[in-house]
Protein chains: 2
Amino acid sequence: MGVTLKELAASLGLSPTTVSRALNGYPEVNIKTRQRVADAARAANYHPNTRAKSLATGQSRAVGHVIPISTSHEIVNPIFADFIAGAGEAYSRAGYDMVLSVVPDAEEEAAYRNLVARGTVDGLMVHGPRLHDDRIGLLHDLGLPFMVHGRSSGVNTPYSWLDINNRRSFRRATEFLLDLGHTRIALVNGLEGMDFAMRRRTGYLDALEAAGIAPDRALMRTAEMTEPYGHQAGRELLRLPDPPTAMLASSMIVAYGLRRALTEVGLQPGRDVSVITHDDDLSYMPNGLDVPQFTATCSSVRDAGRKAAEMLLALVNDPDLGPINHLMETRLVLGDSTGRNRL
Amino acid sequence: MGVTLKELAASLGLSPTTVSRALNGYPEVNIKTRQRVADAARAANYHPNTRAKSLATGQSRAVGHVIPISTSHEIVNPIFADFIAGAGEAYSRAGYDMVLSVVPDAEEEAAYRNLVARGTVDGLMVHGPRLHDDRIGLLHDLGLPFMVHGRSSGVNTPYSWLDINNRRSFRRATEFLLDLGHTRIALVNGLEGMDFAMRRRTGYLDALEAAGIAPDRALMRTAEMTEPYGHQAGRELLRLPDPPTAMLASSMIVAYGLRRALTEVGLQPGRDVSVITHDDDLSYMPNGLDVPQFTATCSSVRDAGRKAAEMLLALVNDPDLGPINHLMETRLVLGDSTGRNRL
DNA sequence: CAATCTTTCCAAACCGCTTTGGACGCGAAA
DNA sequence: TTTCGCGTCCAAAGCGGTTTGGAAAGATTG
């Protein structure tokens with residue numbers, strides 16, 4: 001493999017101690033020696049062995065992400081890739097490694113315990129929190145710093161999280177549709193076991209209630225967010241005796257499905273039926289090339305990943321930091337998919 | 001953190017040596033002692049420290065995936081999540097960790113060198129190979145086992161890869177369209193710097209040539225695979241003086257865009273214009289709920305991840321294994337998006 | 001019964017790094 | 001001159017495992 005510290009030291013006629021100190025910026029080494037060491041290290045392409053270093057320091061300089069695969073749905077969250085990309089950027093900038101554990105949700109707890117007991121990581125990221133998520137209590141007990149991407153309603157112990165303001169976001173979107181004169185507004189949501197979906201529904205209901213409109217269960221759908229789901233939900237909604245004139249989608253890909261359902265029966269988004277979607281700003285799913293195709297509540301999940309990673313590293317470097325939170329607001333971008341209610 | 005071997009040994013009145021051997025299945029330990037140790041280890045939730053173990057054995061029991069982020073496009077490959085999910089499954093089953101390095105493509109080489117020099121991983125996975133990809137030569141020199149997901153034309157040194165038969169797959173799809181009477185067939189491809197895109201184009205051209213049809217540059221598009229790209233490409237193709245009657249899409253999401261372009265001008269996929277797409281069988285992008293919405297060349301990228309990971313582990317465990325390859329055929333599934341040429 | 005294996009265990013070295021506790025030489029202060 | 005402090009370096013003890021080379025006791029053999 002690579003050169004070892006010992007070899008490097010020998011080639012310089014110095015002790016490993018001095019070389020180590022020179023490279024790690026300790027004061028007790030002559031400036032000329034330090035320079036000599038630095039040059040030699042570069043020339044030999046010396047990189048300290050990760051395992052040895054972390055064994056000696058007690059820190060692994062790595063963080064873990066546990067990705068749950070729902071055994072019932074076998075689905076991988078599409079936002080995962082962009083979140084990881086953002087987080088990975090922050091990690092590599094800080095010189096941290098990222099280790100990923102992909103596990104069926106039944107083995108999630110074991111996965112967390114494993115990573116902690118084996119000392120593989122200094123911190124953990126929790127993805128896809130559900131309502132009353134057990135993992136938070138578990139991680140609290142395990143004692144390693146962790147960040148949650150999202151929140152978990154019903155959990156009492158304080159914890160660190162980063163989330164978007166799902167509730168306000170969907171309230172805002174609903175109000176926007178109400179202002180356009182819509183009163184029959186459908187919500188095509190994600191799986192409601194997920195915390196974010198519940199919050200979105202709450203925001204939607206908030207707005208309806210404020211407007212004095214009674215919610216209609218027939219207008220509220222929930223499922224794993226795919227295009228065919230959006231399509232089917234759209235078709236069913238349009239076939240209702242009193243169909244909605246506006247629809248709220250929980251993701252861009254669901255909105256694609258809704259649009260297909262509309263155009264299939266000759267309806268045009270924005271003119272005949274309004275559609276607003278949440279847009280995670282996924283790199284491979286841009287909201288139009290130049291102008292936005294959908295009116296959307298927009299928030300970059302990549303930025304979220306970057307920020308969440310930075311927060312996690314802050315927690316790792318200062319364990320006394322206590323729970324830290326960050327709530328990101330979304331911005332409402334106007335596209336062609338919304339318009340006045342013409343009924 | 002967790003219990004250490006030394007502590008466990010002390011609590012049992014045994015030496016660390018014996019405990020280590022008992023846990024690792026060495027023969028020179030009494031069956032009763034072994035049992036006693038196993039019980040105690042389970043009771044104490046003992047897991048050997050990753051770093052110490054790998055330092056002692058010289059193996060990290062981890063593999064690295066370097067994910068390049070194109071600095072020009074800033075795009076994360078959408079198939080990445082499912083591939084990782086498949087690979088991760090194989091790794092955790094084998095007791096290996098997966099470490100991810102997300103880096104701008106300019107720093108890719110440094111990332112590989114780093115992982116190797118620091119001894120962080122025992123093997124590497126290469127994603128998104130381009131034509132004449134430098135990384136293969138680099139990894140060859142670095143001497144660590146590696147697998148390429150895809151291939152790289154123009155590379156002479158032998159290497160291990162897993163790929164789908166892109167060429168035959170697109171030749172087959174094109175022939176299918178030719179059999180339906182289509183002669184003006186468009187190819188809406190991915191970025192042609194990518195090896196897979198080049199192969200698909202070749203398969204497409206093979207079929208045209210065999211049918212005695214001269215390729216038309218106006219019918220061949222290439223870009224990053226997004227829905228808006230598919231939409232735009234579809235619009236432009238339909239506006240040609242002599243528009244295509246069939247289209248080949250490089251991914252499901254591009255096909256969504258094509259379909260939008262068709263329906264926008266009142267054309268129906270399958271009846272008026274035929275569309276075939278490649279389908280990576282992404283979990284969040286199913287090809288219809290019950291019946292396939294698109295005729296597609298289908299191959300699960302998740303299975304590919306699983307298989308590629310298994311191959312990489314085989315290489316890690318037997319360095320003399322030499323280059324191993326696996327070529328997966330796609331299956332053509334029939335959907336509603338194709339039909340006879342009615343012109 | 002002595003000699004020779006086996007079985008079962010342990011002490012100690014080692015993996016590659018960090019870090020503690022000096023050692024040594026030199027200039028400044030007493 | 002002696003003492004002290006400082007700058008610069010090093011030897012050695014870890015970190016938590018694995019592994020080599022015995023050692024002691026019991027079983028087997030001639």
Side-chain angles (χ1 to χ4, degrees), chain A residues 1-38 40-41 44-62 95 97 114-122, chain B residues 1-38 40-41 44-62 95 97 114-122:
Chain A
M1 221 123 293
V3 204
T4 71
L5 209 180
K6 205 183 293 181
E7 292 166 4
L8 186 63
S11 80
L12 284 162
L14 290 170
S15 78
T17 308
T18 305
V19 175
S20 170
R21 288 185 158 152
L23 293 173
N24 291 318
Y26 283 79
E28 56 268 270
V29 41
N30 188 295
I31 179 74
K32 291 201 63 171
T33 311
R34 184 189 302 284
Q35 195 49 251
R36 212 157 59 88
V37 170
N45 188 35
Y46 170 77
H47 292 271
N49 182 291
T50 316
R51 312 172 308 225
K53 181 162 191 160
S54 57
L55 183 57
T57 56
Q59 297 209 334
S60 62
R61 290 193 76 78
D97 287 327
N114 236 307
L115 287 174
V116 175
R118 295 188 308 151
T120 314
V121 296
D122 294 336
Chain B
M1 219 125 293
V3 205
T4 71
L5 206 171
K6 205 182 291 181
E7 292 166 4
L8 186 64
S11 80
L12 284 162
L14 289 170
S15 77
T17 308
T18 305
V19 175
S20 170
R21 289 185 156 153
L23 294 172
N24 290 317
Y26 283 79
E28 56 269 270
V29 42
N30 188 295
I31 180 73
K32 291 200 64 170
T33 312
R34 183 190 303 283
Q35 194 51 251
R36 211 159 59 90
V37 170
N45 189 35
Y46 170 76
H47 291 272
N49 183 291
T50 315
R51 311 172 308 226
K53 182 162 190 160
S54 56
L55 182 57
T57 58
Q59 297 209 331
S60 61
R61 290 193 75 79
D97 287 326
N114 236 307
L115 286 174
V116 174
R118 295 188 309 152
T120 314
V121 296
D122 294 336

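Protein chains get the first letters and strands the later ones, always in sequence-line order, with residue 1 at the start of each.
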For residues 27-36 of chain B, tabulate all N or O donor-acceptor pairs below 3.5 Å that involve a side-chain atom, not counting sequence neighbours.
residue, atom, partner, partner atom, Å
B:N30, OD1, B:K32, N, 2.7
B:R34, NH1, B:A22, O, 3.0
B:R34, NH2, B:Y26, O, 2.6

Nearest-nucleotide wise, let me know which of A:N24 and B:V19 is further upstream toward the 5' end of DNA chain C.
-> B:V19
For B:T57 and B:S54, does a side-chain donor sit closer than 3.5 Å to a side-chain acceptor?
-> no
Could you tell me the separation between the CZ atom of B:R61 and the C1' atom of D:dG17, rounded to a whole number of Å?
-> 14 Å
Checking all strands, does B:T57 fall into the base, sugar-phosphate, or nothing category for heavy-atom contacts under 4.0 angstrom?
-> sugar-phosphate
Step-by-step side chain to side chain contact (heavy atoms under 4.5 Å, CB included) determination, B:T17 to B:R21 = CA-CA 6 Å; B:T17 308; B:R21 289 185 156 153; 3.9 Å; yes
Hey, is the side chain of A:T18 poking within less than 4.0 Å of OP1 or OP2 on D:dC10, counting only N and O atoms?
-> yes
Between B:R51 and A:A52, is there a donor-acceptor pair closer than 3.5 Å when you use the side chain of the first and the backbone of the second?
-> no
Rounded to the nearest 0.5 Å, what separation is found between the CG atom of B:L115 and the OG1 atom of A:T50?
-> 8.0 Å
Can you tell me if the side-chain N/O atoms of B:Y46 get under 4.0 Å from OP1 or OP2 in D:dG17?
-> yes
Quick one: A:L5 CG to D:dG14 P, roughly how many Å, whole number?
-> 20 Å
Quick one: CZ on A:R118 to CZ on B:R61, what's the gap to the nearest 0.5 Å?
-> 9.0 Å
Determine, step by step, whether A:S20 and A:L5 satisfy the side chain to side chain contact (heavy atoms under 4.5 Å, CB included) criterion, reporting the C-alpha distance in whole Å, the side-chain angles of both residues, the deciding distance to 0.1 Å, and the verdict.
-> CA-CA 7 Å; A:S20 170; A:L5 209 180; 3.9 Å; yes
In whole angstroms, the gap separating P of D:dT8 from CD1 of A:I31 amounts to 9 Å
Integer-rounded Å distance: D:dT8 P and A:R34 CZ | 10 Å
From D:dT18, D:dC9, D:dG16, pick the nucleotide closest to the side chain of B:K53?
-> D:dT18
Which whole-number value in Å describes the distance from A:R118 CZ to D:dG17 P?
-> 12 Å
How close or far is atom P of D:dG14 from atom NZ of B:K6, stated in whole angstroms?
-> 8 Å
Distance test, side-chain N/O of B:S20 to OP1/OP2 of D:dG17, below 4.0 Å | no
Helix axis bend for the helix from C:dC1-D:dG30 to C:dA30-D:dT1 - C1'-based end axes, five pairs, 10° rounding | 60°
Identify the 5'-most and 3'-most nucleotides of DNA chain C with at least one atom closer than 4.0 Å to a non-hydrogen atom of chain B.
-> C:dT8 to C:dG16
Indicate the atoms forming the closest heavy-atom contact of A:T120 with A:S60, along with that distance.
-> O-OG, 3.2 Å
Does the pair A:H47 and A:N45 meet the rule for a side chain to side chain contact (heavy atoms under 4.5 Å, CB included), with working shown?
-> CA-CA 6 Å; A:H47 292 271; A:N45 188 35; 3.3 Å; yes
In whole angstrom, what separates A:R51's CZ from D:dT18's C1'?
-> 13 Å
Comparing B:L14 with B:A56, nearest DNA chain C nucleotide closer to 5' gives the residue B:L14
Where do A:T4 and A:N49 land on the side chain to side chain contact (heavy atoms under 4.5 Å, CB included) test, with the steps shown first?
-> CA-CA 8 Å; A:T4 71; A:N49 182 291; over 6 Å; no
Indicate, with a heavy-atom threshold strictly under 4.0 Å, whether B:T33 touches base, sugar-phosphate, or nothing.
-> sugar-phosphate
Given DNA chain D, 5'-ward residue of the pair B:R21 and A:L55, judged by closest heavy atom = A:L55
Counting only side-chain N and O atoms of B:N49, is one of them less than 4.0 Å from OP1 or OP2 of D:dG17?
-> no
